[in-house]
Amino acid sequence: MKSQQKEIPSENKVLSDNPVAINNKLRRYILIGTIVYTALILYLMFFGFNRIEQNIDYNQYTFIFVPEGILLRFPKLTMSWLYDFGNIAAFIPFGIIIPLLYRTRFRKFITLFILVITFLEVLQSLTFLGTFDVMDIISNTLGAIMGFVAYKVGFSPEITFKKLVASAVSLLILFIGVMTVSETIDYVVHVNERIGPVEAINEISGTAPIIEKISTFSVQGEKIEPTLNLFSSSDGMSKDYLFELGKENLWFYANIGIPDGEEYSGSATIMVNGEELIQFSDKDEDKNTFQMKMFFDSKIKDVKIIVTGNAKVWDVSIAEIKHWWE
């Protein structure tokens, strides 16, 4: 006599791989969750991070076709690292949910994903709610690929608790792999990086600095001997110096002070791309020479120096970063 006892499912099995079972039991909930999550991602892409307020700052379409930087460094508690991490992690669920619902092949899935994410990047730029950045496409696509790998490990051919754990572990290993490869590439690119020769900024639009027979002076007892240039006001009145660079990946140098033997009054302001970078004035507690050294990885379009009173700015210069292929 055959046993009428029903087969007891294994405790380790979470869900059958039967598509009908998925359609009947989970499909509706997965679809609702997918719609909500997709809406959240679209909100962050087009309206999050104060994009509406920053919209007024965009006056031209921005398309970045050359990758800048690396995908993901080893963990650092900075907003930059969290942004890079989120750019990958936020798209992992799509690599799991889409093939789970539609049993699509990898080639078809990733082709469709790249087309959609590229369209969204273009739309961001055209609506001035962001920029088209190929690095974002690479990061988002990498997240989708990692999700698809996790789907293969933990959701196919059957879903079990052990396989879900294996899926989580695979994602961790993939993240470590991405960070390792990224750091390796960054090291190879920059290992032979060198700082080029220091160049004085003397090509001025309008008023030019003193570049010949520059007199020496002292600041708080320290002898100052400018060698490249000297920016000062005219008879104590405010004087502006403006020059264009159009360069990136460079060190920017400048020195500011008020000479001894003169009335201690005046100020100096250095502006980069229309924004104030540094200001030195007679009201500062530290009266010693202010020495500025700052690295810019983004493009410096223009630099403006404003000098008033007896303040002086000297040896304003740049040094470009040279890579091994340059």
Side-chain angles (χ1 to χ4, degrees), residues 36-95 113 117-118 120-125 127-147 150 168 171-190 193 247-252 270-279 292-301 321:
V36 172
Y37 186 76
T38 302
L40 175 62
I41 293 297
L42 290 175
Y43 171 81
L44 292 175
M45 289 184 68
F46 289 91
F47 304 105
F49 310 106
N50 297 320
R51 294 183 187 273
I52 297 295
E53 290 78 1
Q54 296 174 3
N55 189 327
I56 59 175
D57 296 330
Y58 289 93
N59 55 14
Q60 62 182 3
Y61 303 125
T62 305
F63 291 86
I64 304 174
F65 295 103
V66 179
E68 298 178 351
I70 61 176
L71 289 174
L72 187 65
R73 294 184 179 276
F74 288 124
K76 295 180 181 179
L77 295 180
T78 62
M79 289 303 299
S80 176
W81 186 87
L82 291 174
Y83 177 83
D84 292 340
F85 176 80
N87 238 7
I88 297 174
F91 293 86
I92 289 178
F94 294 107
F113 181 88
I117 203 66
T118 301
L120 292 176
E121 285 288 319
V122 172
L123 192 60
Q124 272 188 315
S125 182
T127 56
F128 298 116
L129 293 173
T131 61
F132 176 94
D133 192 344
V134 71
M135 278 296 290
D136 287 341
I137 296 177
I138 295 174
S139 296
N140 301 161
T141 303
L142 181 61
I145 293 173
M146 292 171 64
L171 284 175
L172 178 61
I173 294 174
L174 287 171
F175 266 115
I176 294 175
V178 169
M179 290 185 288
T180 301
V181 172
S182 297
E183 291 282 6
T184 302
I185 293 175
D186 185 61
Y187 174 79
V188 171
V189 169
H190 296 94
E193 185 178 81
K247 297 182 178 181
E248 58 186 353
N249 292 327
L250 53 80
W251 285 97
F252 184 87
I270 298 178
M271 304 180 69
V272 173
N273 297 337
E275 297 184 1
E276 183 179 303
L277 182 64
I278 191 69
Q279 183 180 54
M292 176 183 171
K293 178 182 179 182
M294 186 173 295
F295 181 75
F296 290 86
D297 55 0
S298 57
K299 179 176 289 187
I300 298 182
K301 297 179 181 178
I321 295 296

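Position 1 is the first residue of the sequence, and the numbers go up from there.
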- Message: Side chains of Leu71 and Met179, heavy atoms from C-beta outward: is any pair under 4.5 Å?
- Response: no
- Query: Does OH belonging to Tyr37 count more than 12 external heavy atoms closer than 6.0 Å?
  - Reply: yes
- Item | Phe132 side chain near Ile64 side chain, heavy-atom distance below 4.5 Å | no
- Roughly how far, to the nearest 0.5 Å, is the OG1 atom of Thr184 from the CD1 atom of Ile70? 9.5 Å
- Task: Keeping the roles fixed (side chain from Thr127, backbone from Gln124), state whether a donor-acceptor pair exists under 3.5 Å.
- Result: yes
- Item | Distance, nearest 0.5 Å, that separates CE of Met146 from CZ of Phe94 | 15.5 Å
- Heavy atoms, side chains only, cut-off 4.5 Å: are Leu72 and Glu183 in contact? no
- Do Asp133 and Phe63 have side chains that get closer than 4.5 Å, going by heavy atoms? no
- Are Met294 and Leu277 close enough, and set up right, to give a side chain to side chain contact (heavy atoms under 4.5 Å, CB included), and what steps lead you there? CA-CA 10 Å; Met294 186 173 295; Leu277 182 64; 3.5 Å; yes
- Are the side chains of Ile138 and Pro67 in touch, meaning some heavy atoms are under 4.5 Å apart? yes
- On a heavy-atom basis, the closest approach of Ala90 and Pro93 is O-CD, 3.5 Å
- Task: To the nearest 0.5 Å, tell me how far Thr131 OG1 sits from Met135 CE.
- Result: 12.0 Å
- Message: Under the rule for side-chain contact (heavy atoms from CB on, under 4.5 Å), what residues qualify as partners of Leu42, not counting sequence neighbours?
- Response: Thr38, Phe46, Leu120
- Does the gap between the ring centers of Phe252 and Phe295 come in under 6.0 Å? no
- Item | Under the side-chain contact (heavy atoms from CB on, under 4.5 Å) test, residues paired with Ala150 that sit two or more places apart | Ile96, Ser167, Ser170, Leu171
- Query: Counting only N and O atoms by type, is there a donor-acceptor contact under 3.5 Å from the side chain of Asn273 to the main-chain atoms of Lys301?
  - Reply: yes
- Taking the side chain as every heavy atom from C-beta outward, state whether Asp186 and Arg73 have any pair of such atoms under 4.5 Å apart. yes
- Query: Is the backbone of Thr78 close enough, under 3.5 Å, to the side chain of Tyr83 for a donor and an acceptor to pair up by distance?
  - Reply: no
- Shortest non-hydrogen contact from Phe47 toward Leu129: CE2-CD1, 4.5 Å
- Message: Quick check for you: to the nearest 0.5 Å, what is the distance between Ile270 atom CD1 and Glu276 atom CD?
- Response: 10.0 Å
- Which value, rounded to the nearest 0.5 Å, describes the distance between Ile300 atom CD1 and Asn249 atom CG? 10.0 Å
- Query: Under the salt bridge (charged side-chain N to carboxylate O under 4.0 Å, His left out) test, which residues partner Lys247, sequence neighbours left out?
  - Reply: Glu199, Glu320
- Query: Hey, does the side chain of Glu248 reach the backbone of Phe296 with a donor-acceptor pair shorter than 3.5 angstrom?
  - Reply: no
- Using a 4.5 Å cut-off on heavy atoms from C-beta on, say whether the side chain of Ile117 contacts that of Phe91. yes
- Message: If you define the side chain from C-beta out and look only at heavy atoms, does anything of Asn140 sit under 4.5 Å from Ile88?
- Response: no
- Message: Evaluate Phe175 against Ile92 for side chain to side chain contact (heavy atoms under 4.5 Å, CB included), listing each step before the verdict.
- Response: CA-CA 11 Å; Phe175 266 115; Ile92 289 178; 3.7 Å; yes
- dist Thr180:OG1 -> Ile185:CD1 (nearest 0.5 Å) comes out at 11.0 Å
